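Structure first, then comments.
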Amino acid sequence: DSNDAKARLDYATWAKDQGRWADVAEVLDDVNLIDPFIPEARALLGEALRRTATGDRRKLERGLFESEKAVALKIVY
């Protein structure tokens, strides 16, 4: 539910502030299944995937995808 998504985002924000990018990627990995319309979660996930990819092209591509979705979700029509 949306409370779970908020709790994950809160933890991911804390983990980011601690420099724990692997934790950010792990906790937000499936948050889009809970609520795919949280741009902050997608942006954080994209950054975490980029920072932890270390030669993993699929992770880099997914990170880019999540970052692009975050930008698209912030557009007001």
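Numbering starts at 1 and runs along the sequence shown. It should be emphasised that the depicted structure is a prediction, and the values quoted were computed from it without experimental measurement.
Closest approach of Ile34 and Ala5 over heavy atoms only: CG2-CB, 3.9 Å. When every heavy atom of Pro39 is checked against every heavy atom of Ala70, the shortest pair comes out as O-CB, 3.4 Å. Of all non-hydrogen atoms in Ala41 and Leu28, the two that sit nearest each other are O-CD1, 3.7 Å. When all heavy atoms are compared, the tightest approach of Ala25 to Leu45 is O-CD1, 3.9 Å. Summarising the geometry of Pro36 relative to Leu73, their closest heavy-atom pair is O-CD1, 3.5 Å, with the distance given to 0.1 Å.
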N/O donor to acceptor pairs below 3.5 angstrom from side-chain atoms of residues 15-22, sequence neighbours left out:
| unit_1 | atom_1 | unit_2 | atom_2 | d |
| --- | --- | --- | --- | --- |
| Arg20 | NE | Asp23 | OD2 | 2.7 |
| Arg20 | NH2 | Asp23 | OD2 | 2.6 |

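Taking Tyr11 as the reference, Trp14 meet the ring pair (Phe, Tyr, Trp, His ring centres under 6.0 Å) condition, with sequence neighbours excluded. Contacts of Lys59 classified as side chain to side chain donor-acceptor pair (under 3.5 Å), with partners at least two apart in sequence or in another chain: Thr52. For Arg57, the side chain to side chain donor-acceptor pair (under 3.5 Å) test picks out Glu61, with sequence neighbours left out.
Side-chain contact check for Leu9 versus Val31: every heavy-atom pair is 4.5 Å or farther apart. Between Phe65 and Arg42 there is a side-chain heavy-atom pair separated by less than 4.5 Å. With contacts defined as side-chain heavy-atom distances shorter than 4.5 Å, the pair Leu60/Leu49 does not qualify.
The list of salt bridge (charged side-chain N to carboxylate O under 4.0 Å, His left out) pairs with a residue in residues 25-40, not counting sequence neighbours, reads Arg8-Asp30, Asp29-Arg62.
Grouped with Leu64 in a hydrophobic cluster is no other residue, since no side-chain heavy-atom contact under 4.5 Å to another Ile, Leu, Val, Met, Phe, Trp or Tyr is found.
A salt bridge links Glu47 with Arg50; the closest basic N to acidic carboxylate O contact falls under 4.0 Å.
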